[in-house]
Amino acid sequence: MAAPPAIPRRGLFIGGGWREPTLGRHIPVINPATEATIGDIPAATAEDVELAVAAGGPVLARRREHWARASGAVRAKYLNAIAAKIKEKISYLALLETVDSGKPKDEAVADMDDVAACFEYYAGLAEALDGKQHAPISLPMEEFKTYVLKEPIGVVGLITPWNYPLLMATWKVAPALAAGCTAVLKPSELASLTCLELGAICEEIGLPSGVLNIITGLGPDAGAPIASHPHVDKIAFTGSTATGKMIMTAAAQMVKPVSLELGGKSPLVIFDDVADIDKAVEWAMFGCFFNGGRVCSATSRLLLHEKIAARFLDRLVEWVKNIKISDPLEEGCRLGSVISKGQYEKIKKFISTARSEGATILHGGDRPKHLGKGFFIEPTIITDVSTSMQIWREEVFGPVICVKVFKTESEAVELANDTHYGLAGGVISDNLERCERIAKVIHSGIVWINCSQPTLVQAPWGGNKRSGFGRELGEWGLENYLSVKQVTRYCKDELYGWYQRPSKL
Ligand SMILES: NC(=O)c1ccc[n+]([C@@H]2O[C@H](COP(=O)([O-])OP(=O)(O)OC[C@H]3O[C@@H](n4cnc5c(N)ncnc54)[C@H](O)[C@@H]3O)[C@@H](O)[C@H]2O)c1
Ligand SMILES: C[N+](C)(C)CC=O
């Protein structure tokens, strides 16, 4: 088993340096796999948000202007330097995230790889942005010439969740900085350690002070003041639909743009023509048990064609029994603990409600017998589910999959779309025409064919309906932080000639 990492004690990262929170409060950091308190993080309040956003006053404003006016190529140098430092510290950061969140060490390493790749990708887009400035607009007249500038939106507030702590922050920080924005990042109070280390990395590479500020603390105390701050020009939020609504309400008071990446209850439809059942089973598992199911896009509603349902479920149970559930620092762990006691209790309640509503717990549903301590829950498969049940309708955000059986393609589509959410969906079939047909009619921002969950930094990410709006990643991620300015010039020597020239007296 890997040795637990040393936990650094950090302050808030404001204006390029570290500060104790104004009110001196801290939040304990609990390793959810051992229940031990391993450190603490600062609990910021509105006073600290004020410092991060505005208290730098004119000096900070000048620095921000400097960052905004720097060429994309200059900003790219800093982003590449951050990526290089992440790579240098990858094992340490991964271990830190493992003990902070309970996710398996191997998954944390993969996340840190993605973090570095995301900074590198947006370094590339920052450079390319220089070449896209002054793009001419074709006009049907000669007296005007128009071009377009893409300018940073300004100061952005980035509020992020605990499921992929540093990666979800990076999806926002990297494009925001690439665009020339300055940012205040507020990670989740349940997993902030690696985001604070990002502050240390910014310090090490000499990122101009005030460009990225990192405020840790509780949502209502440290997140809400960012959302409602008059000098924060945009909010990018990833988290629950309930919090997303509050953020949108606060931002609306100042007509502040928001992008919202919210929850999901995504379907995975599996047809009877799959020749290789094990291949489909593995994707179904990846879709809902990877990262302990704490994935916004988890395909947590499994739809099985009636002809393969029994065989598929037998095989799924066999595979699931084979998952190594252990302290996430152990070699080969594939399911760690959930994030907190609160989340553990919430997931147990989902399972007991499903049981009391008449569903069958086909597998799992409890704490694994070999683990006496820590917030562990077995991978859980729930069958005999009806569409009115809570387990079908609400996001669990844990290792719990619910199953329904269908007879026809149209019934499968109807069930797949039977949700207020619209983040992702998947279809597995050996008939590619059928897959393409279904990809078109699933109401979601992402559709996977013959797989579930691959996430590519180059491709757009985001949802419809109550899963939010706006797209992260790819060029869409950069556009989130850019404002488009039209510049139009009148270029004839003569008068425009609409009004009559007064006579010269
Ligand atoms: N769509 C996506 O890409 C995506 C990705 C990851 C997670 N998620 C969603 O995130 C949720 C899980 O994350 P969570 O439990 O951390 O969500 P959450 O909504 O509880 O918290 C998210 C962030 O918002 C902050 N916050 C809470 N109350 C606030 C308030 N009143 N004002 C401002 N900020 C506030 C929290 O401190 C945290 O930093 C799930 O619903 C999941 O689906 C979505
Ligand atoms: C996209 N992903 C899976 C990395 C994060 C969503 O929760």
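Numbers here are sequence positions counted from 1. Atoms within each ligand, like the ligands themselves, are counted from 1 in listed order. Just so it is clear, the values below take in all heavy atoms, side chains as well, and ignore hydrogens, waters and symmetry mates.
Atom 1 (N) of ligand 1 has as its closest protein heavy atom Leu262 O, 2.7 Å. Nearest protein heavy-atom neighbour of atom 2 (N) of ligand 2: Tyr164 CE1, 3.9 Å. Atom 3 (O) of ligand 1 has as its closest protein heavy atom Trp461 NE1, 2.9 Å. Looking from atom 9 (C) of ligand 1 to the surrounding protein, the closest heavy atom is Gly239 O, 3.2 Å. Counting protein heavy atoms only, atom 6 (C) of ligand 2 is closest to Cys296 SG, 2.6 Å. For atom 41 (O) of ligand 1, the closest non-hydrogen atom of the protein is Glu395 OE1, 2.6 Å. For atom 3 (C) of ligand 2, the nearest protein heavy atom (residue, atom name, distance) is Val295 CG1, 3.4 Å. Closest to atom 25 (C) of ligand 1 among all protein heavy atoms lies Ile159 CG2, 3.7 Å. From the protein, the heavy atom lying nearest to atom 15 (O) of ligand 1 is Trp162 NE1, 2.8 Å. Nearest protein heavy-atom neighbour of atom 28 (N) of ligand 1: Thr243 CG2, 3.4 Å. Among all protein heavy atoms, the one lying closest to atom 26 (N) of ligand 1 is Gly219 CA, 3.4 Å.
Using a 30° and 60° split on the angle between ring planes, Tyr344 and Phe375 fall in the tilted class, from 30° to 60°. Note: Trp283 and Phe286 have perpendicular aromatic rings, judged against thresholds of 30 and 60 degrees for the angle between ring planes.
A salt bridge links Lys150 to Glu479: one of the charged nitrogens lies within less than 4.0 Å of a carboxylate oxygen. Taking 4.0 Å as the cut-off between side-chain N and carboxylate O, Lys103 and Asp111 count as a salt-bridged pair. A salt bridge is absent between Glu261 and Lys172: the closest approach of a Lys/Arg side-chain nitrogen to an acidic carboxylate oxygen does not fall below 4.0 angstrom.
Considering Cys296, Ala227, Gly462 only, the shortest heavy-atom separation from atom 2 (C) of ligand 1 involves Cys296. Across Ala224, Ser240, Ala424, Ser192, heavy-atom proximity to atom 18 (P) of ligand 1 is greatest for Ser240. The residue among Thr238, Thr160, Thr455 with a heavy atom at the shortest distance from atom 38 (C) of ligand 1 is Thr160.
Within the structure, the closest approach of Phe237 to ligand 1 falls below 4.0 Å when heavy atoms are considered. Using a 4.0 angstrom heavy-atom cutoff, Gly463 does not count as in contact with ligand 1. Using a non-hydrogen distance threshold of 4.0 Å, Trp171 registers as a contact of ligand 2.
When each atom of ligand 1 is checked for a heavy atom of Gly223 under 4.0 Å away, the hits are 32 (N), 33 (C), 34 (N). Every atom of ligand 1 with a heavy atom of Leu423 under 4.0 Å away is listed here by number and element: 1 (N). Listed by number with element, the atoms of ligand 1 under 4.0 Å from a non-hydrogen atom of Glu189 are 36 (C), 37 (O). Ligand-side atoms of ligand 1 in range of Ile247: 33 (C), 34 (N), range being under 4.0 angstrom from any heavy atom. Numbered from 1 in the order shown, with element, the atoms of ligand 1 that lie under 4.0 Å from a heavy atom of Met168 read 5 (C), 6 (C). Per-residue contacts place Pro187 under 4.0 angstrom from the following atoms of ligand 1 (heavy atoms of the residue considered): 39 (O). Close approach of ligand 1 to Asn163 is summarised as follows: ligand atoms under 4.0 Å from at least one heavy atom of the residue are 6 (C), 7 (C).
Heavy atoms of Phe397 found under 4.0 angstrom from ligand 1 belong exclusively to the side chain. Proximity of Ser297 to ligand 1, defined as any heavy-atom pair under 4.0 Å, is not found for any part of the residue. Contacts with ligand 2 closer than 4.0 Å are made by side-chain heavy atoms of Asn163 only, the backbone lying farther away. Contacts of Met168 with ligand 2, taken as heavy-atom pairs under 4.0 Å, involve the side chain alone.
A donor-acceptor contact under 3.5 angstrom links the side chains of Lys234 and Ser259, judged on distance only. Between the side chains of Gln343 and Trp162, no donor-acceptor pair is found at a separation under 3.5 Å.
Of all non-hydrogen atoms in Asn80 and Ala123, the two that sit nearest each other are OD1-CB, 3.4 Å. The two residues Pro28 and Thr37 come nearest to each other via the heavy atoms CB-CG2, 4.0 Å.
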query = Given Gln453 and Ser297, is the side-chain hydrogen bond (donor to acceptor under 3.5 Å, both in side chains) satisfied, shown in steps?
reply = CA-CA 7 Å; Gln453 307 305 316; Ser297 52; 2.6 Å; yes
request  = Go through His231 and Glu50 one step at a time and tell me if the side-chain hydrogen bond (donor to acceptor under 3.5 Å, both in side chains) criterion holds.
outcome  = CA-CA 10 Å; His231 297 148; Glu50 200 53 50; 5.6 Å; no
task = Would you please test Lys348 and Glu345 for salt bridge (charged side-chain N to carboxylate O under 4.0 Å, His left out) and show each step?
result = CA-CA 5 Å; Lys348 291 289 300 265; Glu345 280 163 3; over 6 Å; no
request  = Evaluate the criterion salt bridge (charged side-chain N to carboxylate O under 4.0 Å, His left out) for residue pair Glu197 and Arg10; output intermediate values, then yes/no.
outcome  = CA-CA 8 Å; Glu197 288 320 287; Arg10 301 265 180 214; 2.8 Å; yes
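No donor-acceptor distance shorter than 3.5 angstrom exists from the side chain of Ser209 to the backbone of Gly16, with no hydrogens or angles considered. Using a distance-only test at 3.5 Å, with no hydrogens or angles considered, no donor-acceptor pair links the side chain of Gln458 to the main chain of Gly474.
Considering only heavy atoms from C-beta on, Leu177 stays 4.5 Å or farther from Arg75 through its side chain.
Polar contact check, Trp461 against ligand 2: no nitrogen or oxygen pair lies under 3.5 Å apart.
Within the structure, the ring pair (Phe, Tyr, Trp, His ring centres under 6.0 Å) test picks out the following pairs touching residues 447-469 (sequence neighbours left out): Trp171-Trp461.
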